[in-house]
Amino acid sequence: MSKPRVIYWFRTDLRLHDSPALNAALDLEPAVLWPIFTWDPHYVYRARGGTNRWQFLLDCQNDLSDSITKLNHKSKLFVLREGPQTLFPKLFKAWNVTHLVFEQDTDSYARERDEVVARAAKEAGVEVIIRSGRTLWDAEDVVTKHGGKPTMSMTSLLSASKKIGDVPRPIPPPKHLPDPGEMPLDFEQDRPHAKPDINAESRKGNDTGYKNIAGPNGDFAIETLGELGFAPATTPHKGGETRALKNLDAIIKDNKYTATFEKPKTSPALFDPQSTTLLSPFLHFGALSVREFYWRVQDVVNSYGKGASTPPVSLTGQLIFRDMYFAAQAAIGVNFHQTAGNRHCRFIPWHLPSKVDPDTGLSTGEYHIDSDQAERWFRRWKQGVTGFPWIDALMRQLRHDGWIHHLGRHSVACFLTRGGCYVDWERGADVFEEFLLDHEPACNAGNWQWLSCTAFFSQYFRCYSPITFGQKWDKNGALIRKWVPELKDLDAKYIYEPWRAPIQDQKKAGVRVTGDGLSNAIGKGTYPKPMFDFGERRNVCIAAMKKAYEVGLYGDDETVLNGGWRELFPEGQGEVQGRFDSDDGENADEGDEDDGVGDKRPRKTSSATVSKKQKT
DNA sequence: AGGGCTGTTGGCACT
DNA sequence: TAGTGCCAACAGCCC
C-alpha cells in the first residue's frame with residue numbers, strides 16, 4: 001500500500017503546539033501533507049464579523065504559515081477560496097488524497113459543514129480523522145457523563161469532567177513537516193452567492209476574495225482585508241500563535257498573579273495594560289491551546305502552596321467556565337443561541353425580540369421593533385452614546401479594540417437587558433458577535449443568558465449601576481477620559497454623571513451635555529444627556545423580571561412559540577414587549593408603540609421540534 | 001467632663 | 001462576580 005497523501009485542514013486551530021489532530025495526521029507518516037485553509041463563504045457573508053476580528057484571523061494565519069515554513073521551506077498555509085462543501089470532493093480527486101484530518105469543531109454551522117465534508121470523503125474513499133482539541137475535555141464526553149443533560153453550572157461541569165479524568169497534558173509541536181504534494185487546480189471553482197451579505201455595512205470597497213481559487217497571484221496566499229473590501233482594522237491587539245505563547249510566558253512568569261488571580265477582583269477599568277490576560281482571542285482562533293494554558297497555570301498553582309485561588313474565580317476557573325458553555329451548547333444544540341425552542345432559557349417578554357422562521361423555529365437574524373423607544377435605546381447603546389459615560393466608554397472600547405474586560409461586559413449587558421433597556425439579550429449577543437475579537441458562539445450565548453438572568457444565573461435584583469459600579473474601580477474616570485474624550489477635562493465629581501455638572505463646570509471642561517447622541521455628531525464639544533433615569537428604569541426592570549419569573553415560562557413553552565404568553569402578562573401592568581406588525585422591520589420610525597394597535601392574532605409557528613437547518 | 005451633634009462605617013434586609 | 005436604604009455603632013468634634 002502506498003504512503004498516505006494527507007490534507008490537514010486548519011480551521012479554528014491555528015497553531016502547531018498541542019494539536020491532537022495535527023499529531024494524528026503526522027502519526028500517519030504521510031508521503032505528502034497539505035496544510036490548507038478553506039476561505040468559507042459562510043463566515044464571509046452569513047455570520048456577523050467586523051474588521052477587527054478578520055484582522056486577528058489573518059494575523060493568526062500569517063503567523064501559522066511562517067511557522068510551517070520554518071519547519072519545511074516548501075510548505076506553508078495554503079488558502080483555497082471556496083466553500084469546503086463543494087471544494088473537497090474536487091480536491092480529493094485532483095490531488096489523489098487518501099486522508100483528511102481536522103480538529104473537531106463544535107458550533108452548529110461547523111458540525112453541519114463537517115458532516116457534509118465527511119460524507120463526500122466517504123464517497124471518494126478518503127479516510128477522515130477527527131480529534132477533539134478545542135476544549136479541556138471533549139464536550140460530547142462531558143454531556144455523556146452528565147447523563148445527556150447540559151451543564152448549567154460550574155459544579156455540574158466539574159462533577160461530569162471528574163468522571164472523565166484529568167485534562168490531557170499538552171503535546172509538543174512537530175519538529176518537521178512532510179512536503180506538500182502537487183496542487184493541480186484543473187477543476188471549476190464554485191463561486192459563492194454574495195447576497196445576502198450580513199456584513200455589507202462593514203464593507204467599504206469591492207469584495208474580490210473569490211476572484212481566483214488560489215488568490216490573486218495563484219499562489220494560495222492568505223487573504224487581505226482589502227480583498228474583503230474592509231477598511232483597515234482599528235484594534236491594537238494582534239493575533240498569532242507566536243504572540244500567544246509569548247504573552248502566556250509573561251503571565252506565567254508572574255507566579256503570584258497566576259496563582260492568586262481572582263476574577264471578581266480584577267478591574268474592568270484598567271487598560272494598557274488590562275487587568276486580565278487578554279488571551280481569549282487566541283483561544284478562539286486556536287492560536288493557543290486551552291490545555292496548554294490550563295497546565296501552565298495549574299503547575300504554578302500546585303507549586304505555589306497556600307494562598308492560591310481556586311475555581312470559579314481562579315484563572316483555570318475561567319477556562320472551566322468556557323468548557324461549561326461548550327458542553328451546554330453540545331447538549332442543547334442550535335437552540336442554545338436563542339430563546340425560542342430552548343427549554344433551558346427563561347422566556348422574558350423583552351423588547352426587540354428576534355424574528356423566528358416558522359419552518360425551522362430558528363432566529364432569522366432580524367428582529368421585531370415593538371417599541372420605537374427601545375429601538376432608540378438599543379441604537380444608542382450600540383453606538384456608545386447612551387449618556388452614561390461608563391457604558392459609552394466600554395461600548396466605544398469594544399467597537400475600537402474588539403475587547404473589553406469581563407466585568408465591563410457584565411455591566412453593558414445588564415444595562416441593555418434586565419437592568420435598563422429591557423431589550424432582548426439576543427440583540428446584545430448580535431452586537432458582541434460583530435465586534436468581539438474573542439467571539440466564541442457558545443460563550444457569547446451562555447454569558448448573555450447569564451447576565452440577562454434567563455439561564456445559569458437568576459439573581460435579577462443584582463443590578464449593575466452604570467454610575468457606581470465603575471466608580472468602585474476607577475474614581476477619577478480614567479477609562480471614560482480615554483474613550484469618551486468629550487469628557488476628558490470634566491471634574492471627577494461629575495465624570496460618571498455629566499448631566500449633574502453645572503453649566504460653568506461644563507464650560508470649563510469644554511463640553512455641553514445636550515441632545516440624544518443620535519442626531520448630533522459626537523466629539524464636537526457635546527455629550528448626550530442620559531437616555532433615561534437609571535434608578536427609575538432599575539425599579540421598572542426588576543419588577544418586570546419578578547413578574548416574568550412568577551409566570552415562569554421557558555423558551556420551549558408552546559405559549560412562547562404561538563404568542564399565547566401575552567394572556568399571562570396583562571398590558572398596562574409593568575414593562576412588557578409591545579405589539580408589532582409582522583412586517584414591521586422596514587418602517588420602524590412610524591407608528592406609536594404601546595398603542596395596542598397591531599397584530600393581535602397569536603403568531604402560529606410550527607411545532608417546537610426544530611430541524612438542524614442552519615440559520616441564514 | 002460629658003452630652004449631643006455629625007459624618008463614617010459596616011451589617012443587614014430588601015429589591 | 002449588586003445596589004440601596006436603614007440603622008446601630010462609633011469616632012471625632014463642639015460646646
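In the text below, chain A, chain B and the rest are named by the order of the sequence lines, each starting its count at 1. Keep in mind that this is a model prediction, so the values were computed, not measured. No hydrogens, no waters, no symmetry mates; every other heavy atom, side chains included, goes into these values.
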Subject >> pair A:R537-A:W377: side-chain heavy atoms closer than 4.5 Å >> reply: yes
**OP:** Indicate, with a heavy-atom threshold strictly under 4.0 Å, whether A:F321 touches base, sugar-phosphate, or nothing.
**Re:** base
**OP:** Have a look at A:Y460 and say if it touches a base, only the backbone sugar-phosphate, or nothing, with a 4.0 Å heavy-atom cut-off.
**Re:** nothing
**OP:** Tell me, yes or no, whether the heavy-atom count around A:K163 atom NZ, taken from other residues, nucleotides or ligands under 6.0 Å, exceeds 12.
**Re:** yes
Subject >> A:T468 side-chain N/O to C:dT4 phosphate OP1/OP2 under 4.0 Å >> reply: yes
Distance check needed: [N] [atom2] versus [X] [atom1], whole Å only.
{"X": "A:K546", "N": "B:dC14", "atom1": "NZ", "atom2": "P", "result": "12 Å"}
{"X": "A:N539", "N": "B:dC14", "atom1": "CG", "atom2": "C1'", "result": "12 Å"}
{"X": "A:F461", "N": "B:dC14", "atom1": "CZ", "atom2": "P", "result": "12 Å"}
{"X": "A:F469", "N": "C:dT1", "atom1": "CZ", "atom2": "P", "result": "11 Å"}
{"X": "A:Q459", "N": "C:dT4", "atom1": "CD", "atom2": "C1'", "result": "16 Å"}
{"X": "A:M545", "N": "B:dC14", "atom1": "CE", "atom2": "P", "result": "21 Å"}
{"X": "A:E536", "N": "C:dT4", "atom1": "CD", "atom2": "C1'", "result": "16 Å"}
{"X": "A:F534", "N": "C:dT4", "atom1": "CZ", "atom2": "P", "result": "7 Å"}

**OP:** Verify the ring-centre separation between A:F336 and A:Y325: is it less than 6.0 angstrom?
**Re:** no
Subject >> A:D299 bridged to A:R169 by N-O distance under 4.0 Å >> reply: yes
Original post:
Could you walk me through whether A:M395 and A:F388 pass the side-chain contact (heavy atoms from CB on, under 4.5 Å) check?
Top reply: CA-CA 11 Å; A:M395 291 306 291; A:F388 293 95; over 6 Å; no
Subject >> Donor-acceptor contact present, side-chain A:Q274 to main-chain A:T276, <3.5 Å >> reply: yes
**OP:** Check DNA chain C against residues 258-273 of chain A and give the residues with a non-hydrogen atom under 4.0 Å, in numerical order.
**Re:** A:K263, A:P264
Original post:
Can you name the one residue among A:Y496, A:Y464, A:F415 that meets ring pair (Phe, Tyr, Trp, His ring centres under 6.0 Å) with A:F469?
Top reply: A:Y464
**OP:** Identify which nucleotide among C:dT1, C:dT4, B:dT15 has an atom closest to any side-chain atom of A:S465, counting heavy atoms from C-beta outward.
**Re:** C:dT4
